[in-house]
Colleague: 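Structure below; questions to follow.
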Amino acid sequence: MADYTTNELLACTAARVLEDRKAVFVGTGLPMIAGLLAQRLHAPNMLIVFEAGGIGPQVPVLPISVGDSRTIYRAIAASSMHEVMSMSQAGYLDFGFLGGAQIDMYGNLNTTVLGPHGSPKVRLPGSGGANDVGSLSHKTILIMRQDKRKFVQKLDFITTPGYLQGGNSRYEAGLPSGSGPFRVISQLAVFDFEPVSKRMRIFSVHPGVDVKTVLENSSFEILVPDEIRITQPPTKDELDMLQKIDPVGMVIAKR
Amino acid sequence: MADYTTNELLACTAARVLEDRKAVFVGTGLPMIAGLLAQRLHAPNMLIVFEAGGIGPQVPVLPISVGDSRTIYRAIAASSMHEVMSMSQAGYLDFGFLGGAQIDMYGNLNTTVLGPHGSPKVRLPGSGGANDVGSLSHKTILIMRQDKRKFVQKLDFITTPGYLQGGNSRYEAGLPSGSGPFRVISQLAVFDFEPVSKRMRIFSVHPGVDVKTVLENSSFEILVPDEIRITQPPTKDELDMLQKIDPVGMVIAKR
Amino acid sequence: MLLQEGKGQLVGWHDPDENRKWVEANKPRDMTDKTMTAQEAVSKYVTDGSYLAMGGFGHVRVSMVMIYEMIRRRKKNLIMAGKTAVHDIDLLIGGGCVDRVEVAYAFAHELRGLSPGGRRAVESGRVKVVSEISNAGYQWRFLAAQMGLPFIPTRAMLGTDTLEKSSAKVIRDPFSGKPICLLPAAYPDVAVIHVPRCDKFGNCQIDGTMVEDFELARAARRLIISTEEIIPNDEIRSKPWLTKIPYFNVDAVVEQKYGSHPCQMPLEYFFDEEHIGEWLDLSKSDEGNQKYMDKYVYGTEDFADYIKLIGGEKKMKELVDVEHLRRPMTAPWLKNKGGE
Amino acid sequence: MLLQEGKGQLVGWHDPDENRKWVEANKPRDMTDKTMTAQEAVSKYVTDGSYLAMGGFGHVRVSMVMIYEMIRRRKKNLIMAGKTAVHDIDLLIGGGCVDRVEVAYAFAHELRGLSPGGRRAVESGRVKVVSEISNAGYQWRFLAAQMGLPFIPTRAMLGTDTLEKSSAKVIRDPFSGKPICLLPAAYPDVAVIHVPRCDKFGNCQIDGTMVEDFELARAARRLIISTEEIIPNDEIRSKPWLTKIPYFNVDAVVEQKYGSHPCQMPLEYFFDEEHIGEWLDLSKSDEGNQKYMDKYVYGTEDFADYIKLIGGEKKMKELVDVEHLRRPMTAPWLKNKGGE
């Protein structure tokens with residue numbers, strides 16, 4: 001067994017997708033941790049933005065909520081949802097994080113309901129800011145636990161747009177040009193999207209995982225590239241920093 | 001001759017149209033003075049709002065500009081044009097003041113250009129906030145010097161809507177229901193608008209002015225009611241207060 | 001030009017002309033003392049069947065004093081704006097006050113997990129989700145109302161079931177030729193916003209983020225402000241650029257120190273995670289729910305009484321210390337976290 | 001559904017997707033020191049032919065330091081946003097920098113009377129008015145741009161020649177069935193906003209009214225901030241809710257004390273009515289205009305030099321006193337007022 005937990009792997013893998021001198025819209029939990037990790041390692045000049053209005057804070061401890069006062073601690077601005085959502089719609093936000101109960105091969109997400117909308121089997125929280133992040137960020141990073149019930153042929157409800165029906169359908173629906181899911185990160189692999197069909201494709205498999213396992217844990221067909229990369233495992237520096245970022249173990253287990 | 005100037009008469013007459021416990025959108029000059037006069041005499045709880053964002057100030061001296069810091073002196077809010085114009089569009093502003101180079105029988109105003117728009121004889125300032133005040137206030141008060149060149153059959157340019165082509169045309173154009181010019185105040189008379197045709201009609205003539213003079217000083221036909229009221233002349237209290245409001249004589253001559 | 005129409009219920013929309021008339025007739029232009037008790041504010045401005053929106057965000061700067069009072073006064077059939085409605089809607093559902101919701105975000109507690117009570121109510125059909133929307137979409141509905149417009153455009157929501165179950169419409173934008181989503185204005189019948197300080201007329205200052213309260217305050221027909229503290233009007237007038245909500249949007253001012261407990265009041269006191277944990281635990285069953293209500297809501301006369309019950313000044317002092325980083329946070333739900 | 005289309009020139013509009021790409025490629029996300037001289041800011045960000053918008057309102061909080069510098073650097077063929085453009089546009093026209101204007105309000109000086117220079121330029125055809133709009137309409141064009149939208153609706157302007165000569169369109173609102181005006185977004189190529197204080201990265205605090213600068217700062221492609229004072233970043237971070245413009249909207253920071261003279265800097269110094277009066281007088285003729293430019297613009301090396309020329313610290317101290325009501329205002333134009 002590798003010497004790291006799944007949450008640690010997800011956090012480190014997500015952090016590495018983020019780039020310095022870019023802006024990222026984060027939620028609480030793993031996205032927040034990935035953002036902080038990136039900022040403290042390879043992306044010191046990355047701007048972190050929260051949907052309730054916190055912009056560029058120097059968070060002293062991990063926030064519980066995206067509206068929590070920790071998100072404006074020594075921030076450069078404590079603004080409003082109107083301001084940050086407008087920024088996003090206007091193209092200022094490069095990366096956004098998403099997750100969900102179900103995902104399909106085009107990266108569409110369901111966080112609204114399992115079963116029929118009018119008589120739900122399981123009622124989930126709804127879009128929240130997810131549809132906005134998925135619609136308006138330049139690139140979204142989707143963090144998903146992967147299994148056949150979550151990687152589905154057809155969502156019970158399209159809460160948040162990925163590439164919709166694939167091809168050019170996202171743009172044709174009126175969503176911003178060039179935007180959409182960039183990476184999907186599961187406990188098994190990292191995925192990207194084939195440029196023309198916009199179908200999900202393996203980008204790299206995690207250390208110790210084989211392609212077959214990745215494919216078996218999905219109800220839709222995942223594309224396989226000619227060459228299979230292996231995800232870099234978390235480094236000791238990354239793991240140490242994660243402990244500093246989440247010392248009480250809100251998301252990352254205490255070592 | 002009456003013992004008051006035209007500006008004093010206009011200011012007092014305009015002030016009396018204003019009601020207590022209502023909100024008024026004012027520009028600098030006569031509107032500001034009329035607003036302050038009303039507030040200090042019969043309308044102590046009237047709210048004064050400026051287009052640059054000043055709301056409810058206790059002005060220490062007469063502002064020169066509607067964006068001047070005197071308009072936020074001990075104000076209840078120093079906001080923005082977006083905020084006050086939104087208030088107006090949403091129906092919070094009862095009265096607004098307007099003036100212009102030309103007016104027609106439906107209370108439409110021109111402050112943009114004399115002569116053709118592409119090759120103007122006289123270029124005027126344009127709408128400024130006038131179109132907004134004229135479109136969005138519940139009731140507008142128009143202060144105009146009256147003569148045949150200003151009271152015209154056809155405006156060179158409709159900058160600000162009055163009742164447009166009369167009748168129901170203002171509402172049909174999409175402008176707010178029930179809004180529009182309430183009174184026109186000239187140096188000769190006060191006018192209102194006949195409810196169905198929306199044509200300008202004498203409301204009262206000023207002391208010492210006869211109806212014939214009022215009608216002669218207009219290029220369009222003004223309606224005459226059966227009974228002619230006489231405008232109440234300024235009182236000593238009003239004239240004294242005007243001196244206090246404008247002690248340096250920006251608008252009101254020093255006595 | 002009309003490309004699509006959402007099938008969700010159109011909640012809280014009014015023709016702009018109709019709303020202008022309402023504002024003209026009903027909103028105060030003169031500054032009068034609006035201070036009253038929570039009970040008075042509820043009986044005056046919260047009617048059964050009202051469309052209600054709460055200020056703040058999730059568990060942050062929420063007017064819990066008014067939430068408890070609405071439950072205590074057994075308000076019924078409220079339609080709730082599920083705009084990051086979390087603890088507020090959870091309790092209102094638990095108290096039997098809300099039976100319909102327009103959902104942007106509800107039935108969950110962010111990091112703390114899903115809401116047992118809210119989910120049970122929706123899954124059993126006791127509470128109906130009448131329409132869906134996104135967070136940005138909801139606050140822009142309030143912006144449209146603030147601006148007195150019938151709608152505001154957005155480029156979000158397009159192509160999704162969120163739009164299909166919303167009350168938005170899609171047209172072809174006459175400038176770009178591309179499809180664009182039009183969000184209908186939302187005018188809540190009543191909104192409740194908790195602020196750190198205001199004067200007795202309702203002029204409010206708010207430090208920290210505004211979330212969507214700037215727009216909501218101006219969109220709501222009736223606005224109840226609860227405040228940690230009432231300050232003199234002179235303080236408002238000395239720095240008028242700090243006024244975030246002016247008096248003429250406000251109908252009632254309720255002074256209540258710690259009025260957001262167990263939620264966070266930014267820069268003042270932290271979440272009471274133990275209390276929130278107790279609720280999350282109890283609300284797993286109808287019996288537990290009843291127990292919570294009996295103890296903390298019906299069992300207390302008012303919010304001051306409730307604050308005594310949860311530990312009084314001593315407890316609040318601890319939460320003040322956590323907020324100011326003088327003491328670490330503790331949370332029962334932390335035990336279940338951190339692993340996979 | 002399209003009921004009417006304004007015939008005015010569509011100034012500064014971009015397809016939202018095109019502008020997103022521009023923002024993605026060109027706006028800074030990282031905090032870097034952006035301080036530079038006025039001369040550097042002009043040469044870096046003001047290109048001949050640019051669409052320019054100035055912050056402030058009329059003669060209030062206008063970046064005169066940048067106006068003088070643009071004239072000194074003989075910028076040409078600018079299209080100006082005539083959004084309560086008063087002293088700024090008057091001088092830019094006088095300096096031969098502006099040849100086209102979209103007019104909400106221009107060519108006049110509020111209470112002080114009409115602008116001799118601006119009017120002469122338009123009436124002679126030297127400067128063209130390419131479109132008309134209202135004040136609210138102009139700032140909402142900036143709101144649309146801030147929001148990354150192609151348009152924003154308004155209920156103003158309908159039925160008038162202002163709309164007919166604007167770039168707005170009228171559609172039938174699919175919610176109310178009534179006609180509504182759609183204002184196209186406006187993205188100035190460059191905007192210049194004067195503020196009381198900011199840090200070297202461009203995080204700005206502004207006391208007093210925002211006028212339309214909140215939206216304009218976020219709408220502009222390039223934003224030059226001139227500031228009375230540069231403050232440490234720590235001061236920004238200690239009260240982040242006071243930040244009115246964040247650094248990532250800002251491209252250049254120019255520190256210039258008294259940088260708004262002869263205009264008013266609210267809460268700091270008053271209008272220099274004598275200087276404004278001198279300009280109004282001289283600008284009655286082309287010769288007078290040239291005399292003003294030679295003396296105050298071309299005859300001074302930079303703004304510090306200009307401030308010396310207009311009376312230096314002594315003069316500014318007087319204007320500070322007038323602003324703080326310690327001294328009455330005086331104005332040459334007052335002589336002609338007050339009668340009929």
Side-chain angles (χ1 to χ4, degrees), chain A residues 5-7 28-29 50-54 60-61 64-69 71-72 78-82 85 88-89 108 112-113 117 119-132 135-136 155 157-161 164 169-170 172-176 246 248-254, chain C residues 56-61 82 84 103-108 110-112 114 118-119 122-123 125 129 132-137 139-140 143 154-162 165 170 178-181 207-212 214-215 264 266-267 271 323 325 328-329 331 334 337-340:
Chain A
T5 65
T6 301
N7 272 359
T28 36
F50 292 90
E51 73 175 314
V61 295
I64 298 178
S65 159
V66 294
D68 181 340
S69 56
T71 66
I72 58 161
S79 68
S80 67
M81 195 182 282
H82 170 53
M85 289 298 186
S88 184
Q89 196 161 246
N108 302 303
T112 300
V113 70
H117 186 264
S119 52
K121 213 163 70 193
V122 182
R123 175 66 211 196
L124 300 167
S127 159
N131 184 297
D132 311 309
S135 295
L136 306 174
L155 302 180
F157 193 95
I158 304 182
T159 308
T160 296
L164 296 178
S169 61
R170 181 181 164 98
E172 281 160 8
L175 290 164
D246 185 15
V248 297
M250 276 193 217
V251 179
I252 301 296
K254 286 198 220 187
Chain C
F57 182 95
H59 294 77
V60 179
R61 201 165 48 67
T84 61
V103 175
Y105 184 91
F107 321 122
E110 293 190 83
L111 264 192
R112 303 172 191 91
L114 294 174
R119 282 182 59 183
V122 175
E123 291 162 15
V129 173
E132 305 278 346
I133 192 166
S134 70
N135 275 358
Q139 50 103 20
W140 282 326
L143 177 63
T154 179
R155 304 191 70 201
M157 289 173 51
L158 292 154
T160 63
D161 291 331
T162 304
K165 291 287 182 197
V170 180
K178 297 175 184 177
I180 192 154
C181 173
D207 311 326
T209 61
M210 284 300 290
V211 197
E212 52 206 274
F214 188 89
E215 294 78 18
Q264 181 191 52
L267 315 174
F271 310 95
E323 177 64 11
L325 302 166
M329 69 164 278
L334 266 180
K337 289 274 167 179
E340 294 304 271

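Quick note on labels: first sequence line is chain A, next is B, and so on, each numbered from 1. Just so it is clear, the values below take in all heavy atoms, side chains as well, and ignore hydrogens, waters and symmetry mates.
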Colleague: Identify the heavy atoms of A/Ser80 and C/Met210 that sit nearest to each other, and give their distance.
Modeller: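 Shortest heavy-atom separation between A/Ser80 and C/Met210 comes out as CB-CB, 4.0 Å.
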Colleague: State, yes or no, whether a side-chain contact exists between C/Phe57 and A/Asp68 at a heavy-atom distance under 4.5 Å.
Modeller: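 When only atoms from C-beta onward are counted, A/Asp68 and C/Phe57 do not touch, as no gap falls below 4.5 Å.
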Colleague: Please flag which part of A/Ser119 lies under 4.5 Å from any non-hydrogen atom of chain C: side chain, backbone, both or neither.
Modeller: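 Neither; nothing under 4.5 Å.
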Colleague: Determine the minimum heavy-atom distance between A/Gly53 and C/Thr209, stating which atoms define it.
Modeller: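 Heavy atoms only, the tightest pair is C-CG2, 3.6 Å.
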Colleague: Under a 4.5 Å heavy-atom cutoff, which of C/Glu212, C/Arg155, C/His59 has the most pairs with chain A?
Modeller: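 When all of C/Glu212, C/Arg155, C/His59 are compared, C/Arg155 has the most.
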Colleague: Would you call A/Ser69 and C/Gln264 a side-chain contact if the rule is heavy atoms closer than 4.5 Å?
Modeller: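 Yes; the side chains approach each other to less than 4.5 Å.
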Colleague: Please state whether the side chain, the backbone, both or neither of A/Ile64 comes within less than 4.5 Å of a heavy atom of chain C.
Modeller: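 A/Ile64 touches chain C through backbone and side-chain heavy atoms alike.
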Colleague: For chain A, which of C/Val211, C/Leu267, C/Val60 has the most heavy-atom pairs under 4.5 Å?
Modeller: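 Heavy-atom pairs under 4.5 Å are most numerous for C/Val211.
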Colleague: Could you look at A/Val113 and say if it's the side chain, the backbone, both or neither that has a heavy atom under 4.5 Å from chain C?
Modeller: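 Nothing of A/Val113, per the 4.5 Å heavy-atom cut-off to chain C.
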Colleague: Identify which part of A/Leu175 has an atom lying under 4.5 Å from any heavy atom of chain C, answering side chain, backbone, both or neither.
Modeller: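 Both backbone and side chain.
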Colleague: Using non-hydrogen atoms and a 4.5 Å limit, figure out which bit of C/Ile180 sits close to chain A: side chain, backbone, both or neither.
Modeller: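 No part of C/Ile180 comes within 4.5 Å of chain A.
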Colleague: Below 4.5 Å from any heavy atom of chain A, which atoms of C/Val103 appear? Answer side chain, backbone, both or neither.
Modeller: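 Contact with chain A: side chain only.
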Colleague: Do you know which of C/Gly159, C/Pro328, C/Pro266, C/Ala136 has the most heavy-atom pairs with chain A at a distance under 4.5 angstrom?
Modeller: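 If we count pairs closer than 4.5 Å to chain A, C/Ala136 comes out on top.
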Colleague: Heavy-atom pairs under 4.5 Å with chain C: which of A/Val122, A/Thr112, A/Leu136 has the most?
Modeller: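 Among the listed options, the one with the most contacts to chain C is A/Val122.
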Colleague: Between C/Phe214, C/Tyr105, C/Trp140, who has the most heavy-atom pairs with chain A when the cutoff is under 4.5 Å?
Modeller: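 Counting heavy-atom pairs under 4.5 Å, the top option is C/Trp140.
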Colleague: Please flag which part of C/Glu215 lies under 4.5 Å from any non-hydrogen atom of chain A: side chain, backbone, both or neither.
Modeller: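 It is the side chain, since no backbone atom gets that close.
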Colleague: In Å and rounded to the nearest 0.5 Å, what is the NE2 to CD distance from A/His82 to C/Gln139?
Modeller: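 It is 7.0 Å, given to the nearest 0.5 Å.
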Colleague: What distance separates A/Met81 CE from C/Thr84 OG1, expressed to the nearest 0.5 Å?
Modeller: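 Result: 5.5 Å between the selected atoms.
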Colleague: Can you give me the closest heavy-atom contact between C/Leu111 and A/Met250, atom names plus distance?
Modeller: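 C/Leu111 and A/Met250 have their closest heavy atoms at CD1-SD, 3.6 Å.
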Colleague: What distance separates C/Met157 CE from A/Asp132 CG, expressed to the nearest 0.5 Å?
Modeller: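 Interatomic distance, C/Met157 CE to A/Asp132 CG, rounded to 0.5 Å: 8.5 Å.
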Colleague: Tell me, out of C/Arg61, C/Glu132, C/Met329, C/Arg119, who's got the most heavy-atom pairs with chain A below 4.5 Å.
Modeller: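 It is C/Glu132.
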Colleague: For A/Ser135, which atoms come within 4.5 Å of any heavy atom of chain C: side chain, backbone, both, or neither?
Modeller: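 Just its side chain gets close to chain C.
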Colleague: If you count heavy-atom pairs under 4.5 Å with chain C, which of A/Val66, A/Val61, A/Thr71, A/Asn108 comes out on top?
Modeller: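 Among A/Val66, A/Val61, A/Thr71, A/Asn108, the one with the most close pairs to chain C is A/Val66.
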Colleague: Minimum heavy-atom separation for A/Ile158 and C/Thr160, please, with both atom names.
Modeller: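 For A/Ile158 and C/Thr160, the tightest heavy-atom pair comes out as O-CB, 3.4 Å.
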Colleague: Is A/Pro161 in contact with chain C via its backbone, its side chain, both, or neither, using a 4.5 Å heavy-atom distance?
Modeller: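 Its backbone and side chain both get close to chain C.
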Colleague: Under a 4.5 Å heavy-atom cut-off, does chain C meet the side chain of A/Glu51, its backbone, both or neither?
Modeller: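 The side chain, not the backbone.
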Colleague: I need the residue from A/Ala130, A/Gly67, A/Ser88, A/Ser169 with the largest number of non-hydrogen atom pairs under 4.5 Å to chain C.
Modeller: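 Looking at each of A/Ala130, A/Gly67, A/Ser88, A/Ser169 in turn, A/Gly67 comes out on top.
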Colleague: With a 4.5 angstrom heavy-atom cut-off, which part of A/Ser65 approaches chain C: side chain, backbone, both or neither?
Modeller: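 Both backbone and side chain.
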Colleague: Measuring from atom OG1 of A/Thr159 to atom NZ of C/Lys165, what distance do you get when rounded to the nearest 0.5 angstrom?
Modeller: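 Rounded to the nearest 0.5 Å, the OG1-NZ separation comes to 12.5 Å.
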